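Read through the structure below, which is laid out as structure tokens, and then see the notes.
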Amino acid sequence: MSVSHKSVGFQARKSTAGVAGGKPDAEHPVGEPLARVDGPLKVRGKARFAAEFALENLTYAALSYSTIAKGRIASINADEAKAAPGVLLVLTHENVSRLSPPPLFPEGAAGSTLPVMQDASIHWNGEPVALVIAESQEQADRAARLIRVTYEPEIAAIEFETVRAKAKAPKNILGEPTCIAIGDAEAALAQAPVRIDNIYRTPRHNHCAIELHALTAAWEGDALTVHDSTQMVHLTQKTLAKVFGVAEQKVRVLAPFVGGAFGNKSIWNHQILAIAAARMVGRPVRLVLSREGVFRETGGRTLTEQRVALGANADGTLAALIHTGIAGMTAHNDCPEQFTFPARHLYAAQTFLLSQKVAELNIVANTFMRAPGEAVGTFALECAMDELAEALNLDPIELRRLLEPDKDPVSGLPFSQRSLIEAYRRGAERFGWQNRSPVPGARSEGEWLIGQGVATATYPYHRFPGGVAKIRLSADGQATVQMGVHEMGMGTATVQAQYAAELLALPVECVTFEYGDSSLPSGVVAGGSCQSASIIAAVNAACEALFDELLKLVGHKSPLTGLIRTDVEAYRGGIRHRRDTDRFQSYVAILNQAGKDVLECEAPASEPSEAKRYSMHSYGAQFCEVRVNTVTGETRVSRWLASFDTGRILNARTAASQFRGGIIMGIGLALTEETFFDERTGRIMNPSLAEYHVPVHLDVPQIEVMWNGSPDPQSPYGVRGIGEIGITGAGAAIANAIYNATGRRIRELPITLDRLL
Ligand code: MOS
């Protein structure tokens, strides 16, 4: 199957197998379904992850965790642990060195600004109270269990019902206003002829990346090298330098391969403690968190309680759009779970009230998790839209058509590009939406009720500042692009090699993308679905610098002599005149003629100002079919089709995989995932994959994804983010399908069978 990157028409891609059959277009590699460049290394076990660096003299670490949520350590008895075989050190607040508190994202990489183990105080149930270093992992694990801690507990804020009354508005939400009020939405709601006004609840979630959080760290004098499983090498470097009081240049952080990261592969206590311990024992250390450790010590998605109230006029237009609510948070982080953000951009309404609060809890600092805010915010908003459509006796897609704004409804900015209704139209056609009965419970097969649902997916466009790229062109015709960014399984290295190949007009095999190392030019965090646009902007700048240099190098006897940048373009491994196309010289010839083996150019990305001038978002329409068992209450997702409008697609295969991955997490969010939190003790009760249920193969139907690929005219090379949008709208699509199947509106996630019986 051939897939043209230039196509702006929708192309449905049925399966990875279908996509994988594509024959690469050598001239224009962008968009091609190129197989992952890191694939062979991974399937052969040759890709080394953070815990796989076998340093000489390596030691192994294990953590022990607090069992109270708030209070003080009264005593620690580590005698037995210290005497256990192989134990080299037991690190506690009594012997740890002075460490500066880690700076919070985005100044640093930390999920919390709390000082790490600097005194006897305890801030959450699960906080590390000791770290053991031993000669083997087994010895460290055993000794960690021999540490006896007694506590002086204090009353902790762990019951949501208690703290919600004291919820307050944060100063801002990720730099945006906490409250948006346009007109008197409550009054408009009260007068509206059709009203929906409900509370939606979403629980805590935990990240369950396949690769556990891990690091291997070694000090040499005051120089520190850390192999860390992180989505932010430069911020990790900066944070560790600050915490340990060394110069940034003395800290090197490497993360060439990361086995999944959905927002919390950042700095938590474990890296800081392991690195402090390595300095004390004078040997390198490896620490791999147990799965339990990931739940106890690294943050997840917080719980939310959301109100969505929609007041509609008789014609279906919105008189009032209200989305408010509360999320749990700690006093020492800044992740208020921006669930009101989708309602700021999706629908036209005469009045708005969009505001959210946080309730402070003594918990591990909650943090970003795939589409923080939007994942759970679209659950509430898009369920409410479905409820309104029914109240108006309108098809839910027709309702979205009626409410489609012509500019950003809150900021008034023009949309950079938005084809949401078109995405709905194409998706509906392919899914066969017209065959769906709007009457709940109308379709069944034996004991299974069958229903279909739809919801909008949306995620903002982000391009983060500070990125710098370097391009190295060598006389053997190879190019290397370098930037300290990340490959966590999404295809960064592959798509960026494709992009640079297109930009330089080189075969993609001649381009290598180097990343995942803080010694490379400054990258950006792999978060907020920002990497592709952020990298491309920096690579564009480096390419401009490279072309300027090449044109200076050509000298007096070149077909390109006297030409300036605007006269020329990249063409087949070199440069040619745009109009007088016979005037061509290859990069190799230019370098050879100049007697140079390599030419290197580095440049920073342009300031990311586009999102200040335009309302920039990715969109999609999620269609699903569910079957609900009338005897057991079990829900199976039987069909899925997602139709995206997410800017230009760089690689059909890796993009489809990103979309599907997000949707699969959305199935988990809707049906199975919940971190059980004991409100008496503040303890997470299911810190394992046996009891925290992520979707497995049998839970996932064939997921068909399609996209329009329309380039965004305001973003570098027309790309917007695609990493997170898949999870947005997915929860609501399932809840709406369950309603269509059963007539039951479940407004609390996850929709487990007990809620359906
Ligand atoms: Mo994503 S939650 O920005 O890694």
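All of these numbers come straight from a predicted model, not from anything done at the bench. When a ligand or atom number is given, it counts from 1 through the structure's own listing order.
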Given the ring of Y200, does R307 sit roughly above its face, with NZ or CZ under 6.0 Å from the centre of the six-membered ring and within 45° of the axis? no
Salt bridge (charged side-chain N to carboxylate O under 4.0 Å, His left out) between E248 and K242: does it pass, once the steps are laid out?
CA-CA 8 Å; E248 280 179 31; K242 176 96 195 301; over 6 Å; no
The answer for which part of Q231 has a heavy atom under 4.0 Å from ligand 1 is side chain
re atom 3 (O) of ligand 1, the protein heavy-atom contact at minimum distance is G528 N, 2.5 Å
In this structure, atom 2 (S) of ligand 1 is nearest to the protein heavy atom F262 O, 3.1 Å
Logged contact type for E724 with ligand 1, heavy-atom cut-off 4.0 Å, is side chain
- Task: Could you verify whether a donor N or O on one side chain and an acceptor N or O on the other, from E607 and S609, lie under 3.5 Å apart?
- Result: no
Taking only non-hydrogen atoms of F368 and a 4.0 Å limit, the atoms of ligand 1 in range are 2 (S)
Ligand 1 to G263, heavy atom cutoff 4.0 Å, flagged ligand atoms 2 (S), 4 (O)
### K265/E211 ion pair, N-O < 4.0 Å
yes
The side-chain hydrogen bond (donor to acceptor under 3.5 Å, both in side chains) partners of Q417 (sequence neighbours excluded) come to S419, D645, R720
Under 4.0 Å between heavy atoms, the region of A261 that gets near ligand 1 turns out to be neither
Only one of Q496, Q498, Q658 passes side chain to side chain contact (heavy atoms under 4.5 Å, CB included) with N651, and that residue is Q498
For R370, the atoms of ligand 1 under 4.0 Å from one of its heavy atoms are 2 (S)
